Amino acid sequence: MIHIYRAHERFESNHGWLQSYFSFSFAEYFDRKNMHFGSLRVFNDDIIAPQRGFGAHPHQEMEIVTVVLKGQLEHRDNLGNHRIISFGEVQRMTAGTGIVHSEMNPSTTDEVNLLQLWFLPETYGLTPSYEQVSYDIEKMKNRLLPIVSKKHAGDQVAYIHQDITMYLSDLENNEHITFHQQEGRRIYVFVIEGELVLNGETMLQRRDAARITDITQLHIAANIDSRFMLIDLP
């Protein structure tokens with residue numbers, strides 16, 4: 001089954017310096033029927049104004065992944081990490097027993113647009129940790145590039161304490177990809193830019209998402225040049 005969630009159906013939170021779109025219950029948005037999709041608990045699409053951001057704040061018992069789409073994000077945490085992340089890099093933070101971090105837009109002129117995802121961990125009580133890896137953007141062209149995974153090891157893939165794999169893809173106009181899924185697992189598709197057709201009949205446009213179950217073969221075609229994220233979930 002393919003369940004479509006349109007971009008305009010997301011909860012919008014606007015604080016002036018921060019504009020966020022929540023795909024699942026988060027902060028002031030609560031919907032008991034929209035708490036998670038498998039182990040995917042949070043999927044936020046954030047735009048942060050220059051020189052603004054989130055001051056030091058704590059997290060526990062969550063795997064937190066950040067992908068910057070545009071601009072830069074400055075990360076600091078109580079483990080001693082101080083890094084800048086931009087497009088072509090992915091950040092994974094294991095909150096575990098407790099971590100404190102801040103996220104700021106270091107630019108004086110440009111907004112930063114990022115996706116932040118939270119996953120429920122396979123195991124609780126983990127030691128907090130931080131990882132940031134770079135991936136080859138060119139390898140996204142007309143293929144699914146794993147950037148976060150438990151099973152796809154590599155120096156360009158961030159490790160996560162959950163049985164998921166996050167892929168990014170740049171699918172050119174009239175190109176297509178087929179994703180083969182094991183029975184009993186889930187697929188989450190999010191269109192970053194462009195327009196996709198799933199299994200020849202379901203159209204997704206910019207910032208639309210699909211939550212997919214009971215499908216073992218997903219055919220993804222691009223009507224125009226498109227960028228999207230696909231997540232393989234238990």
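The model shown is predicted, which means the values in this text are computed figures rather than measured ones.
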query: Of all heavy-atom pairs between Asn34 and Ser23, which one has the smallest distance, and what is that distance?
result: ND2-O, 2.9 Å

- request: Scan for salt bridge (charged side-chain N to carboxylate O under 4.0 Å, His left out) pairs involving residues 102-129, sequence neighbours excluded, and state none if there are none.
  value: Glu122-Lys150

- request: Please check if the side chain of Ser107 supplies one atom and the backbone of Thr109 the other of a donor-acceptor pair under 3.5 Å.
  value: yes

- request: Would you mind reporting whether Lys151 and Asp232 have side-chain heavy atoms less than 4.5 Å apart?
  value: yes

- request: Determine whether more than 12 heavy atoms belonging to other residues, nucleotides or ligands lie under 6.0 Å from atom NE2 of His219.
  value: yes

- prompt: Is a side-chain donor or acceptor of Asp31 paired with a backbone partner of Ser25 at a separation under 3.5 angstrom?
  reply: no

statement: Value for CG (Leu230) from OG (Ser169), rounded to nearest 0.5 Å, stands at 9.0 Å

query: In terms of side-chain heavy atoms, does Thr216 have a donor or acceptor partner in Glu183 at a distance below 3.5 Å?
result: no

task: Report the residues that fulfil salt bridge (charged side-chain N to carboxylate O under 4.0 Å, His left out) with Arg207, sequence neighbours left out, ordered by chain and then residue number.
output: Asp45, Glu193

field: Path from Ile160 to Leu115 over hydrophobic side-chain contacts below 4.5 Å
entry: yes

- prompt: Rounded to the nearest 0.5 Å, how far does OG1 of Thr165 lie from CD1 of Ile231?
  reply: 10.0 Å

- request: Give the other cluster members for Leu18, using side-chain heavy-atom distances under 4.5 Å between Ile, Leu, Val, Met, Phe, Trp and Tyr residues; answer none if it is isolated.
  value: Trp17, Ile48, Phe54, Val68, Leu73, Ile85, Val112, Leu114

- line: Between Tyr159 and Glu131, the two heavy atoms sitting closest are N-OE1, 2.9 Å

task: Would you confirm whether Gln156, through its side chain, and Val133, through its main-chain N or O, come within 3.5 Å as a donor-acceptor pair?
output: no

- request: Please check if any side-chain donor atom of Asn142 sits under 3.5 Å from a side-chain acceptor atom of Glu172, or the reverse.
  value: yes

message: Using a 6.0 Å cut-off, check whether atom CD of Glu28 has over 12 heavy atoms from anything other than its own residue.
response: yes

query: Should Leu69 and Met104 be regarded as members of a common hydrophobic cluster, given that ILVMFWY residues are connected when their side-chain heavy atoms come within less than 4.5 Å of each other, either directly or indirectly?
result: no

field: Ser13 side chain to Ser20 side chain, donor-acceptor N/O pair below 3.5 angstrom
entry: no

- line: Nearest heavy-atom approach of Phe228 to Val191 is CB-CA, 4.1 Å

query: For the ring pair Trp118 and Phe26, is the centre-to-centre distance below 6.0 Å?
result: yes

Pairwise ring pair (Phe, Tyr, Trp, His ring centres under 6.0 Å) hits with a residue in residues 96-116, at least two apart: His57-His101, His59-His101, His75-His101

statement: All heavy atoms of Arg185 vs all of Ile164, minimum pair found to be NH2-CA, 4.5 Å

Check: Asp77 side chain, Gly80 main-chain N or O, donor-acceptor pair, under 3.5 Å: yes

- line: Heavy atoms of Gln162 and Pro121 approach each other most closely as NE2-C, 3.6 Å

task: State, with a plain yes or no, whether a side-chain heavy atom of Tyr5 is found less than 4.5 Å away from one of Asp208.
output: no

- request: Spell out, yes or no, whether Leu198 and Ile177 are grouped together once hydrophobic residues are joined by side-chain heavy atoms under 4.5 Å, including indirect joins.
  value: yes

- prompt: Below 4.0 angstrom, N of the basic side chain to O of the carboxylate: do Asp170 and Lys141 qualify?
  reply: no

task: Kindly work out whether a path of hydrophobic side-chain contacts (I/L/V/M/F/W/Y, heavy atoms less than 4.5 Å apart) joins Phe119 to Ile64.
output: no

query: Which residues satisfy the side chain to side chain contact (heavy atoms under 4.5 Å, CB included) test with Ile84, sequence neighbours excluded?
result: Gln72, Glu74, Pro106

- prompt: Have Thr213 and Arg211 got a donor and an acceptor in their side chains that come within less than 3.5 Å?
  reply: no

query: Do the side chain of Asn223 and the main chain of Leu196 share a donor and acceptor less than 3.5 angstrom apart?
result: no

- prompt: So, for Thr97 and Gln60, which heavy atoms are closest and what is the spacing to 0.1 Å?
  reply: O-NE2, 3.0 Å

query: Between the main-chain N or O of Ala49 and the side-chain N or O of Arg52, is there a donor-acceptor pair closer than 3.5 Å?
result: no

- request: Would you mind listing the cluster partners of Met1? Hydrophobic ones only (ILVMFWY), side-chain contacts under 4.5 Å, chaining allowed.
  value: none

message: Under a 3.5 Å threshold, yes or no: a donor from one side chain and an acceptor from the other, between Asp46 and Gln19?
response: no

message: Is there a path of hydrophobic side-chain contacts, each under 4.5 Å between heavy atoms, that joins Val148 and Phe87?
response: yes

- prompt: Parallel, tilted or perpendicular: which fits the ring planes of Tyr188 and Phe37, with parallel below 30° and perpendicular above 60°?
  reply: tilted

message: Do Ser129 and Arg92 pair up side chain to side chain, a donor and an acceptor below 3.5 Å, judged on atom types alone?
response: yes

